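Model, not experiment: these values are computed from the prediction. These numbers come from the heavy atoms of this one structure, side chains and all, not from hydrogens, waters or symmetry mates. Counting convention: from 1, in listed order, for ligands and their atoms alike.
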Amino acid sequence: MTRGRFAPSPTGALHVGNARSALLAWLHARAAGGRFVMRVEDLDFGRVRPGYMERQLDELHWLGLDWDEGPDVGGPHAPYVQSQRQPLYEAALRRLAEMGMLFACTCSRRDIAGAASAPHVGEEGPRYPGTCRDRRVQAGPGSLTDFGRSQFALRVAAPSGPIPFTDELLGPCAFDPADEGDFVVRRKDGVAAYQLAVVVDDAAMRITDVVRGADLLSSTARQILLYRALELPEPRFLHVPLMLGPDGERLAKRHGAVSLGELRDAGVPADAVAGWLASTCGLAEPGERLHPSRLIERFNVARLPVEPTVVTEADLRLLRSTDAVFRPDGA
Ligand code: GLU
């Protein structure tokens with residue numbers, strides 16, 4: 001049985017690019033007759049904003065998506081909010097420590113940025129220069145907590161060498177985890193980091209197909225490394241293209257009111273938004289309006305674009321003029 005998921009971070013409003021990824025993940029699961037899971041990734045406490053989880057879920061429902069398991073509906077793998085799942089991450093960290101894969105790192109961001117041997121700037125900032133690599137965490141009771149919750153991050157000593165995988169849309173891919181450097185699996189505040197939490201949760205929730213934005217493509221290699229180390233079954237991966245603004249930059253607030261909530265508040269009907277999103281990826285005709293359920297039969301991975309979608313001013317104008325009620329300047 002196919003099990004798909006969407007895993008939003010409640011750090012801000014869902015923009016139309018996020019909404020399209022959610023729609024495609026949902027269609028992928030539903031077209032296979034599978035189940036769909038909603039999981040909220042709220043571990044980035046500094047960026048999580050109160051009320052956004054509820055807002056995001058509400059907006060996705062408005063768009064016409066539903067889910068069989070999630071924070072608001074429960075399910076056999078509850079809780080579906082990552083901040084409530086820390087014991088699972090701790091267990092995985094202990095296993096990684098037993099395998100000698102973790103080291104305790106005291107470096108600050110400034111240390112890393114300033115290290116003379118850190119010339120490489122990866123997708124996620126300067127590559128970790130390996131300063132603390134020799135401080136391997138010893139396996140054994142209490143070893144993780146002995147290192148203190150407040151002073152040490154735990155990093156995986158990333159082996160070098162490409163990890164190949166097949167993306168269901170993009171075909172054969174390979175990334176070397178060492179390119180981004182040794183990565184954090186538990187932050188200095190004691191909380192699990194994204195790369196670990198996503199693997200533990202997708203495995204625990206029996207996710208068979210991870211459909212998400214292409215910004216996470218290179219993370220997949222690090223995640224596969226963790227699946228293998230933890231002896232967890234690897235899901236299939238499908239990375240959908242990002243949506244870019246008219247200037248070719250990743251879609252952001254500055255491109256105008258492109259969040260789902262703003263469209264809704266302005267009175268643009270959900271089926272116009274769903275139809276437009278589908279039209280940007282070959283699943284609907286321009287101007288078509290439909291409920292996402294009507295796309296299930298049409299869904300076909302082969303029809304999806306592999307290149308990012310540039311949202312032009314004309315697209316935005318068209319969407320904004322739907323029923324002539326949406327005015328981005330609030331006029
Ligand atoms: N929570 C991540 C995000 O909002 C997505 C993680 C994933 O889909 O693997 O970017």
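For R303, the CZ atom is densely surrounded, since the number of other residues' heavy atoms within 6.0 Å is greater than 12.
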Which side-chain N or O atoms in residues 304-312 pair as donor and acceptor under 3.5 Å with protein atoms at least two apart or in another chain?
from: T309; atom 1: OG1; to: R20; atom 2: NH1; distance (Å): 2.7
from: T309; atom 1: OG1; to: R20; atom 2: NH2; distance (Å): 3.2
from: T312; atom 1: OG1; to: A314; atom 2: N; distance (Å): 3.4
from: T312; atom 1: OG1; to: D315; atom 2: N; distance (Å): 3.1
from: T312; atom 1: OG1; to: D315; atom 2: OD2; distance (Å): 3.1

Distance-only donor-acceptor pairs under 3.5 Å for side chains of residues 264-271, two or more places apart:
from: R264; atom 1: NH1; to: D58; atom 2: OD2; distance (Å): 3.2
from: R264; atom 1: NH2; to: D58; atom 2: OD2; distance (Å): 2.8

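Under the ring-ring contact (aromatic ring centres under 6.0 Å, His included) criterion, F103 pairs with Y128, not counting sequence neighbours.
Relative to the six-membered ring of F45, R187 meets both conditions, a distance below 6.0 Å and an angle of at most 45° to the axis.
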> Should R39 and E69 be marked as a salt bridge (Lys or Arg N to Asp or Glu O under 4.0 Å) after you check the CA-CA gap, both sets of side-chain angles, and the distance that decides it?
Replying inline: CA-CA 8 Å; R39 181 179 70 238; E69 300 169 30; over 6 Å; no

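At a 4.0 Å heavy-atom cut-off, the residues surrounding ligand 1 are R5, A7, S9, E41, Y194, V198, R212, L216, listed by chain and number.
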